[in-house]
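One structure is given below, encoded as structure tokens.
Numbers restart at 1 for each chain; the letters A, B, ... are given by sequence-line order, proteins then strands.
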2 protein chains.
Amino acid sequence: MSVAIENFVKAIYNNNIQDHHDTKPGNIAKKLGISNAAATDMAKKLASKDLLKYEKYQALQLTEAGTKMALNVVRKHRLWEAFLFKLFDMSLHEIHREAELLEHETSDFLANKISAYLGNPKFDPHGDPIPNENGEITTEDHSISLSNAEEGKSYIISRLMSDDKEFFDFCALNGLKYGNAIVVTKQFSKNKMTQITINTNTILLNEDFTNIIYVNEA
Amino acid sequence: MSVAIENFVKAIYNNNIQDHHDTKPGNIAKKLGISNAAATDMAKKLASKDLLKYEKYQALQLTEAGTKMALNVVRKHRLWEAFLFKLFDMSLHEIHREAELLEHETSDFLANKISAYLGNPKFDPHGDPIPNENGEITTEDHSISLSNAEEGKSYIISRLMSDDKEFFDFCALNGLKYGNAIVVTKQFSKNKMTQITINTNTILLNEDFTNIIYVNEA
DNA sequence: AATTAAATTTAAGTATACTTAAATATTTTT
DNA sequence: AAAAATATTTAAGTATACTTAAATTTAATT
């Protein structure tokens with residue numbers, strides 16, 4: 001299957017499973033930087049290959065085969081991120097950028113070698129779970145977004161769900177890192193802002209950030 | 001530049017520099033598994049991009065820009081081979097197969113990381129020189145093919161120039177490995193066969209093999 | 001040197017993955 | 001509920017990288 005197809009099913013997977021958006025061609029088009037028309041065309045094509053269900057004007061839904069393909073690509077992406085992060089001195093943004101390319105040219109054979117070398121890790125450096133060889137995510141995720149965290153409680157950062165350089169730069173600058181401890185000192189629910197404390201520093205985060213930073217209770 | 005273009009200039013480079021063949025579209029077509037017509041089309045296209053010189057019915061010649069592109073791809077290929085060989089338990093054939101895909105999706109940035117991690121090696125596991133960041137091969141190569149080796153002399157294997165699984169299987173089985181010592185016990189020049197001794201074993205090699213096994217005097 | 005064989009080139013056509021522009025349907029707003 | 005805004009789809013067209021078949025040129029053989 002082509003890079004275009006792999007990226008298409010991956011985008012649907014991420015949109016559906018991760019972002020819980022409603023997955024119409026337009027959303028995918030925006031994510032992939034292609035026209036809506038191209039996304040509709042591709043959706044029809046993939047429906048004919050039984051990778052997704054397509055009905056005019058309705059949301060796209062991956063079939064079992066489509067989900068499996070998406071998870072296979074996601075697995076390779078996250079394994080590369082974990083591998084590059086461990087071996088080289090690369091930032092979260094850099095590992096994402098490289099993984100985005102390598103994921104499509106990685107055989108299952110090589111992916112398994114990388115996984116074994118790393119001791120079959122369950123999470124990548126963003127805290128995202130790494131599917132196993134069969135495309136299964138066995139780790140249960142009880143983490144919640146910072147926007148839903150409770151005032152006064154302590155948490156451990158479990159996921160940084162983004163691919164934006166500026167966000168990662170901000171995180172690096174402020175010690176927002178997978179595994180680090182924070183305290184939610186105030187929830188400004190009306191303004192959708194969250195105040196947290198990390199290493200004696202107090203930071204006020206807006207909705208854009210609290211929606212993509214996930215945490216577990218400490 | 002596309003994968004097709006990168007593979008095209010790489011094929012010319014290997015044919016020209018390594019195999020010393022006369023590089024007409026047909027040779028390249030055979031290497032790449034495409035039709036002669038496709039190779040002619042591509043040659044014209046790359047000429048318009050100043051990557052090579054094309055004149056009807058004449059041999060193709062890479063320009064400086066074309067050579068640089070080829071060496072950049074070759075660098076990434078050989079770095080991946082060295083890297084995968086060192087880190088994972090993979091055969092010469094397997095590292096070649098994976099490098100063939102990864103080479104096109106590897107940024108210069110990542111190539112430099114891999115190179116630095118390995119201590120900027122000068123050779124890959126086949127004994128092929130790894131071009132530096134500027135596309136230069138600075139190591140002088142005085143090695144000769146086994147077909148030109150002298151009877152009675154001792155040699156060290158310096159290059160195994162192939163991408164054929166069967167050849168590598170044969171090499172692995174018989175201890176023919178980069179860096180290993182051999183003795184040329186007999187040259188059957190009429191039949192273009194060479195007899196060598198390696199680890200007390202005596203092997204008779206035909207022309208196909210003696211042309212792609214390179215050695216240095218011990 | 002003429003004939004034959006082989007390689008190269010041209011021409012016409014295909015699949016993939018896009019594009020823009022126009023038509024149509026859906027959603028949102030009033 | 002109608003109008004306006006937004007999204008989706010259809011239609012037509014493009015670039016890339018191929019294909020096969022026929023024409024042409026070069027190289028090899030006799």
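Between the CG atom of Asn72(B) and the CG atom of Asp108(B) there is a distance of 5.0 Å, given to the nearest 0.5 Å.
For the OP1/OP2 pair of dT9(D) and a distance below 4.0 Å, the side-chain nitrogens and oxygens of Tyr54(A) include at least one atom meeting the criterion. Residue Lys56(A) places at least one side-chain N or O closer than 4.0 Å to OP1 or OP2 of dT10(D). For dT8(C), neither phosphate oxygen OP1 nor OP2 lies less than 4.0 angstrom from any side-chain nitrogen or oxygen of Lys44(B). Side-chain N/O atoms of Asn36(B) include one lying less than 4.0 angstrom from OP1 or OP2 on dT8(C).
Considering only residues two or more places apart in sequence or on other chains, Lys10(B) meets the salt bridge (charged side-chain N to carboxylate O under 4.0 Å, His left out) condition with Glu100(B), Glu103(B). Evaluation of the ring pair (Phe, Tyr, Trp, His ring centres under 6.0 Å) rule for Tyr178(B) yields no partner, not counting sequence neighbours. Annotation: ring pair (Phe, Tyr, Trp, His ring centres under 6.0 Å) contacts of Phe209(A) (sequence neighbours excluded): Phe167(A), Phe170(A). Applying the salt bridge (charged side-chain N to carboxylate O under 4.0 Å, His left out) rule to Lys186(A) yields the partners Glu151(A); only residues at least two apart in sequence or on another chain are considered. Remark: Gln61(A) pairs with no residue by the side-chain hydrogen bond (donor to acceptor under 3.5 Å, both in side chains) rule, at least two apart or across chains.
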Worksheet item: Can you give one letter per nucleotide of nucleotides 1-6 of chain D, 5' to 3': B if a protein heavy atom sits under 4.0 Å from the base, S if only from the sugar-phosphate, - if neither?
Response: ------
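When each of Tyr57(A) and Ala38(A) is assigned the nucleotide of DNA chain C bearing its nearest heavy atom, the one mapping closer to the 5' terminus is Ala38(A).
Counting any heavy atom pair closer than 4.0 Å across all strands shown, Ala39(B) reaches no nucleic acid atom.
If you run side chain to side chain donor-acceptor pair (under 3.5 Å) between His77(A) and each of His96(A), His104(A), Glu98(A), only His96(A) comes through.
The CD1-C1' distance, from Ile5(B) to dT16(D), rounds to 9 Å in whole Å. The interatomic distance linking Leu32(A) (CG) with dT19(C) (P) rounds to 10 Å, in whole Å. Distance CG (Asp41(A)) to C1' (dT9(D)): 9 Å, rounded to an integer number of Å. Distance NZ (Lys24(B)) to C1' (dA28(D)): 13 Å, rounded to an integer number of Å. The distance between atom CD of Gln58(A) and atom C1' of dT9(D), rounded to the nearest whole Å, is 13 Å.
Which of dT19(D), dT19(C), dT8(D) sits closest to the side chain of Ser35(B) comes down to dT19(D).
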